[in-house]
Structures are given as C-alpha cells and as structure tokens.
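The structure under discussion appears below in the form of structure tokens.
Throughout, protein chains are lettered first and strands after them, A, B, ... in sequence-line order, and every chain is numbered starting at 1.
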There are 2 protein chains.
Amino acid sequence: MLSKKTKYGLKALTFLASQEGRTPVQISEIAKHENISQKFLESILLTLRKTGLLGSKKGKGGGYYLIKEPKDIPMTTVMRVLEGPIAMVPCVSLNFYEKCEDCPDEASCSVHKLMLQVRDSTLEVFRNNTLADLVP
Amino acid sequence: MLSKKTKYGLKALTFLASQEGRTPVQISEIAKHENISQKFLESILLTLRKTGLLGSKKGKGGGYYLIKEPKDIPMTTVMRVLEGPIAMVPCVSLNFYEKCEDCPDEASCSVHKLMLQVRDSTLEVFRNNTLADLVP
DNA sequence: TATTACCCTATCGATTTAATAGAGTAAGCA
DNA sequence: TGCTTACTCTATTAAATCGATAGGGTAATA
C-alpha cells in the first residue's frame, strides 16, 4: 500500500511542477490546494529538499520550488526517496538489498522468482514516467 | 512491502504443489521445511482453506492438500487472498475499490494516473503466473 | 477409544504510520 | 534596527498493523 507520505509528496511535487515559473510556493498554499495537513506536509517537503529535489527560500516571499525541470525527474528517484524500496521483498531490491533470514537458497525460492518479475515491471513504469508526465 | 503472511503462504502453496501426489501434508512438515513458525502458518493455511484453495483432512494421516491443479491457480487469486488489493492505492483497485477522501477529481489526479499503470503492469505479471510456474 | 492433527480465540509486544504541538531560526523589508 | 514571515527541527502521541505465541477445543481415523 502506498503511504500517505508518498501520496502527499507526489501531489506536492506535481503542484510545484504545474506552476508557471519556478518562484517559491508557500507550504500553506500547497497544503490548502491539495487537502493535506500542513504540518505533515512540512516534514515531507523537508525530506525532498534534503534529497536535492526541492529548494527552499526563507522569509517573506519564501517557500519551496523545484530545482530541476520536471521532465528530468524520473519517478524511480521520487519513489525511492518517498516510499523507499520499489521491490516488494528486500531480496529482490536493487537499492535496498537484504538477504532473507529464512530461505536457504535465493535461486530456488518461489517468492523470489515471482517478486523479481513484479519489481521489473514496476520499475519499467517508473522509468517511463517523469514528474512532467504526472502534470494533468 | 510483502507481508510475511503472503510470503509464507506462497511458500507453503509451492511446497504443496511440488508434492508427488495430492496426499495431505502435515502443518508441522510444511513449517519445518520452509522455516516458518508453525502456529503462524496454521492461521495462514486456514485462510487458504476457507477460500477454497486448500482442502484439509483431520486425524492421523491428515494435513493440507491442494484442491486444484497448480496450473489452474493463477497468482492473481492467491495474491488477493493473502495480500489483499493488488493496487497500491484503493482508488485504482479493481476488487477493493474505494474513493479517496482528499482528491476531488480522480481523472485529474497525478497519483491516480501513475498508480493505474503500476497496477496494470503488476496485474499482468500475476496473470501470467500460476502456482505451477513457481515450483522450481 | 485413544491419538493425531486440524480448528479457533485471545493476547501481546514491537513497529510503523499519520498527525499534532511548539519552539527555534533565517531571510527579507520598512 | 527591528519586525514579520515562513521555513526548520524535535518531541510526542494515538491508532493501526504485524508477526508471533499460548492454550484449549474438536473432529476424524486407526
């Protein structure tokens, strides 16, 4: 299940991408427009800034803005920052790999085999979509 | 993230599918072979029986067994029983649809659009795999 | 009729999630 | 300079979920 954090994050990014220029947008404006708890959104935007997806400006006329062009922001990046691993199981994750405790042999694991396919097909979707594709 | 319940359920089903005949297999044997907590596995197998995927036999020589042939058990069915919705968001779920509380218009929702693609690609994987395909 | 093994309910600790509160700090403007 | 605005950070919390465990009940078979 997609977390609210990811959902809100995606909506906020899309909203920023839909702006005319790249002038800072206040948190309160984003929160209001997307029906998001402002305080919760604050922490999400902070994460996105720390990862280098967003920039921020303090003081009057401040807010958050996109650093790169929407078409240069692939969904793989966004999803990994917000949701974490794209794979449904750590043992098939590219960026967050972990061995299963149970499961003596990965190669002969039925779950592994299936989830590998799911990961690849999901990954393809995210690779084929940039932030620009999400803007209505 | 895939729940342990689903993971264990898949492993148990695969193990049953790999058996020679369709004679009942004891819970304890499955649990031991797959490194699963026996009590936890009990509840999982119970679910699978109630859904009609497994049959059970009590008493000496009892246990669980597959009712249908592995090749006639699509992964879509198994995943929906064990994991629930295949979609990452209720508003794009075929079998567990729910409207988002926020989000005034589904058609223009960026998250909706993206998650629809993910659902379709994941669904295709599950439709192309039956239990028989999981057996090593 | 005794044993085996499935069946069911209840509980529990740990973790995660979503949200809230409140204080702190930097930037811009008069 | 001083005030306002708006981002920044820490801490807390309520609720939900997950994974696991315990223990007794019951039906079927040898």
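Atom C1' of nucleotide C:dT3 and atom CD of B:Q26 are separated by 12 Å, given to the nearest angstrom. Going from atom CD of A:Q38 over to atom P of C:dA18 covers 19 Å, rounded to whole Å. Straight-line distance from the CD atom of B:E101 to the P atom of C:dA18: 12 Å, rounded to whole Å. Distance CD1 (A:I36) to P (C:dT17): 17 Å, rounded to an integer number of Å. Computed from coordinates, the A:E29 CD to D:dA6 C1' distance equals 13 Å when rounded to whole Å. For B:D102 and C:dA19, the CG to C1' distance is 14 Å, given to the nearest whole Å. One atom, NZ of A:K50, and another, P of D:dC7, lie 15 Å apart when rounded to the nearest Å. Distance NZ (A:K32) to P (D:dA6): 13 Å, rounded to an integer number of Å.
For the side-chain hydrogen bond (donor to acceptor under 3.5 Å, both in side chains) test with B:Q117, the passing option among A:N128, A:N129, A:T122 is A:N129; the others fail. In summary, of the residues considered (B:K32, B:K4, B:K7), a salt bridge (Lys or Arg N to Asp or Glu O under 4.0 Å) with A:D102 occurs for B:K7 alone.
With B:S93 contributing its side chain and B:V89 its backbone, the two residues share no donor-acceptor pair below 3.5 Å. Without hydrogens or angle criteria, A:T51 side chain to A:L53 main chain gives no donor-acceptor distance under 3.5 Å.
In this structure, B:I27 reaches the sugar-phosphate backbone alone: every heavy-atom distance under 4.0 Å involves primed, P, OP1 or OP2 atoms, never a base.
Rounding to the nearest 0.5 Å places OH of A:Y64 at 14.5 Å from CD of A:E29. Atom-to-atom distance recorded for B:L131:CG and B:M75:CE is 4.5 Å, nearest 0.5 angstrom.
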From CA spacing to verdict: salt bridge (charged side-chain N to carboxylate O under 4.0 Å, His left out), B:K71, B:D133 = CA-CA 7 Å; B:K71 68 171 172 49; B:D133 297 311; over 6 Å; no

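Residue B:Y64 places at least one side-chain N or O under 4.0 Å from the OP1 or OP2 atom of C:dC7. At the phosphate of C:dC7, neither OP1 nor OP2 sits under 4.0 Å from any side-chain N or O atom of B:S43. Within the 4.0 Å cut-off from OP1 or OP2 of C:dT20, at least one side-chain nitrogen or oxygen of A:S37 is found.
Contacts of residues 1-16 of chain B with DNA chain C (heavy atom under 4.0 Å): none.
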What string of B, S and - do you get for nucleotides 22-28 of chain C, 5' to 3', if B is base contact, S is sugar-phosphate-only contact and - is no contact with any protein heavy atom under 4.0 Å?
-> BB--SBS

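Comparing D:dA20, D:dC9, C:dT20 by their nearest atom to the side chain of A:F40 picks out C:dT20.
A:S121 and B:E124 share no donor-acceptor pair across their side chains, judged by distance under 3.5 Å alone.
Between B:F126 and B:V78, the closest side-chain pair of non-hydrogen atoms is not below 4.5 Å.
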